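The basis for the numbers below is simple: all heavy atoms, side chains too, and nothing from hydrogens, waters or symmetry mates. From a predicted model like this one, the values you see are computed outputs, not experimental measurements.
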Number of protein chains: 2
Amino acid sequence: MDQKAAKISVTQRAIEQIKAMIAEGELRAGQRLPTERDLSADLGLSRSSMREAIRALTAMGVLEARHGAGVYVTQLAPSDLLETFGVVAEISRGATLVELLQIRRILEPAATSMAAARVTDAQLAVIHTHLEEMAASEQIEEFVAADLAFHRDVVAAAGNATLAAIIDGLSTRTFRARVWRGQKEKGVLSQMHLEHVRIYRALAARDPEAASAAAAVHVGEVENWLRENIADFE
Amino acid sequence: MDQKAAKISVTQRAIEQIKAMIAEGELRAGQRLPTERDLSADLGLSRSSMREAIRALTAMGVLEARHGAGVYVTQLAPSDLLETFGVVAEISRGATLVELLQIRRILEPAATSMAAARVTDAQLAVIHTHLEEMAASEQIEEFVAADLAFHRDVVAAAGNATLAAIIDGLSTRTFRARVWRGQKEKGVLSQMHLEHVRIYRALAARDPEAASAAAAVHVGEVENWLRENIADFE
DNA sequence: GGTATCGTTCTTGTCTGACCACTTTGTCGG
DNA sequence: CCGACAAAGTGGTCAGACAAGAACGATACC
């Protein structure tokens, strides 16, 4: 009877109990949990094990522990829960990096298209400043920072916070730096800048089709470069 | 100087150190780590704190602890690292659920399109069995299970494991949504079955455009239904 | 000689209790 | 009224101990 009785650790059980409490609405976003000592007593385990459970949920972006002040449920916003998504991009290498960029080539054109249909003049102005920052940058770090901000603000204008969080996680800062360094050697920075300008123009024209195409070309270029230089990322 | 000196916990530092070791290639996929006692001694902290660090990385799918046998680095495959992605879908509600489905409406057509271009006859045969299972199912649960298997195998045929893992995470929470939908409106089952058949036909015809369109229609239907019944998911 | 079994030893899992670091709160004195 | 200080509460860290499971080797049996 019930042979598969997968022996589960008390810590794992506590993790799922707390997760369930949140899923059921028993614990709401921003709410404070009982103290570690009380919680461990209630769920019938030691404080050490309870702390491990809390640490695991903290790593997942579900809980947030404030030293001396208590443990709280995060806002459960996509940006909270998908923070760990960036870890995938950080520790992935080789073929998986190509897969990640392939996904970005699917998502970013869609997001840029959505942005073209609903971007405000104010957002457009901010995006334009990043273009100027890129043109004025001399250090590769400045360029990367402006590039990152450009894409982030474009995607944010699409109005889907979850989508923005995922795309954000797909390309870490260090990864971009490595790519741009490689691109610089080949002297195609001006080409990349032109691609950014095309994206901006499509947004300014409120043209979703053109925006999608421009974004696809841009990400596709990076993807192709990565495929050729995949050996450096093994 | 360095006023922002964000006091970081020893546990958090250990987490980042281990993560860095993996990112730098010092620790490789599948490799065994030193024992908890040795690790805590090397990094200069107590075993309790080290255990919390390991637990956090375990929750992220980076490490795997085997009782009595040691701690190992996972294969670092997308399916390992993106397991926590499903948590987002599990505990999200309301507007975020719509956002998640919106993302699936972007990804799944793209994946289905890719699958149409490279699906093998063997894969196609397996996918077809799920169609028959759906047609033969009498219980809602059977239908949903076959539906999940259908989509999973279609996406898997796209050949991008990372993409498959993400879409898989997006689908977990819609499990219940589909059940409810079937319970409320019994007539839609045949409609949904027809949508699946359209996807299959496009795959069999190796027609990426048709596959993309069929998948978009299918996911779009679910999305529309969710928007109308969003009140039930708050 | 080969193999199965048992026991030792190593490693993770859990518990307990203590103390430290930080936050919050309330009280006291100006 | 308010600022400073003291006290209580809470998470962070540490140390040591024992339980539970796994791996390995020795031993006994066939």
Side-chain angles (χ1 to χ4, degrees), chain A residues 2-19 21-22 27 29-75 80 83, chain B residues 2-19 21-22 27-75 80:
Chain A
D2 199 2
Q3 286 185 341
K4 53 182 174 184
K7 281 228 173 178
I8 223 165
S9 69
V10 293
T11 302
Q12 192 61 35
R13 188 160 50 82
I15 291 175
E16 275 152 25
Q17 282 179 348
I18 296 178
K19 217 161 57 179
M21 281 193 250
I22 294 176
L27 285 175
Q31 186 174 340
R32 175 176 172 177
L33 274 68
T35 69
E36 291 178 349
R37 291 169 175 87
D38 290 346
L39 251 186
S40 57
D42 290 347
L43 300 186
L45 42 79
S46 72
R47 196 187 154 207
S48 331
S49 302
M50 175 56 64
R51 274 189 60 79
E52 287 188 26
I54 292 175
R55 176 69 66 175
L57 290 166
T58 299
M60 289 191 242
V62 175
L63 297 182
E64 178 189 6
R66 303 178 198 163
H67 191 174
V71 180
Y72 294 78
V73 181
T74 66
Q75 290 309 117
D80 295 321
E83 204 163 334
Chain B
D2 200 6
Q3 287 186 341
K4 54 182 176 182
K7 281 226 173 180
I8 225 167
S9 69
V10 292
T11 302
Q12 192 60 36
R13 189 161 50 83
I15 291 176
E16 275 152 24
Q17 283 179 347
I18 296 178
K19 217 161 58 180
M21 280 193 248
I22 295 176
L27 284 175
R28 299 209 151 270
Q31 186 174 340
R32 175 176 172 177
L33 274 69
T35 69
E36 291 177 350
R37 289 176 175 83
D38 290 346
L39 252 186
S40 57
D42 290 346
L43 300 185
L45 40 77
S46 72
R47 195 185 154 213
S48 325
S49 301
M50 175 55 65
R51 275 189 61 79
E52 287 188 27
I54 293 175
R55 176 69 68 176
L57 290 166
T58 299
M60 289 191 243
V62 175
L63 296 183
E64 178 189 7
R66 302 177 199 164
H67 190 174
V71 180
Y72 294 79
V73 181
T74 66
Q75 290 309 117
D80 295 321

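- Interatomic distance, CE of A:Met50 versus OG1 of A:Thr11, reported as 8.5 Å (0.5 Å rounding).
- The distance between atom CG of B:Leu39 and atom P of C:dG13, rounded to the nearest whole Å, is 13 Å.
- Going from atom CZ of B:Arg47 over to atom P of C:dT12 covers 7 Å, rounded to whole Å.
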- Item | side-chain contact (heavy atoms from CB on, under 4.5 Å) evaluation trace for B:Met60 with B:Ile15 | CA-CA 11 Å; B:Met60 289 191 243; B:Ile15 291 176; 4.3 Å; yes

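- Distance, A:Ile8 CD1 to C:dT14 P: 11 Å, rounded to whole Å.
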- Message: Checking A:Leu63 against A:Val73 for the side-chain contact (heavy atoms from CB on, under 4.5 Å) test, could you report, in this order, the C-alpha distance in whole Å, the side-chain angles of both residues, the deciding distance, and whether it holds?
- Response: CA-CA 5 Å; A:Leu63 297 182; A:Val73 181; 4.1 Å; yes

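- Regarding contacts with the backbone of D:dG12, every side-chain N or O of B:Ser49 stays at 4.0 angstrom or more from both OP1 and OP2.
- Contact annotation: B:Thr35 side-chain N/O to C:dC10 OP1/OP2 distance is not under 4.0 Å.
- Across the protein-nucleic acid pair, B:Arg37 atom CZ and C:dT12 atom P stand 8 Å apart, rounded to whole Å.
- A straight line from CZ of B:Arg13 to P of D:dG12 spans 15 Å, rounded to a whole angstrom.
- Rounding to whole angstrom units, CZ of residue A:Arg32 and P of D:dG9 are separated by 12 Å.
- As rounded to whole Å, 13 Å separates atom C1' of D:dG11 from atom CD of A:Glu64.
- Distance from the side chain of B:Ser9 is smallest to D:dG12 among C:dT14, D:dG12, D:dA22.
- Base engagement by A:Ser48 is indicated by at least one non-hydrogen atom pair under 4.0 Å involving a base atom.
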- side-chain contact (heavy atoms from CB on, under 4.5 Å) evaluation trace for A:Gln12 with B:Arg55: CA-CA 10 Å; A:Gln12 192 61 35; B:Arg55 176 69 68 176; 3.9 Å; yes

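- Regarding contacts with the backbone of D:dT13, a side-chain N or O of A:Arg55 is found under 4.0 angstrom from either OP1 or OP2.
- Taking atom CD of A:Glu52 as the reference point, atom P of D:dG12 lies 14 Å away to the nearest angstrom.
- Of the candidate nucleotides D:dC14, D:dG11, C:dT14, C:dT14 has the atom lying nearest to any side-chain atom of B:Arg51.
- For A:His67 against C:dA21, a side-chain-to-base donor-acceptor contact under 3.5 Å is present.
- Residues B:Met21 and B:Leu33 have side chains not in contact (no heavy-atom distance under 4.5 Å, counting atoms from C-beta outward).
- Residue contacts shown for A:Ile54 are absent, as no nucleic acid heavy atom lies under 4.0 Å away.
- Nucleic acid contact for B:Arg66: sugar-phosphate only, since backbone atoms but no base atoms lie under 4.0 Å from a heavy atom of the residue.
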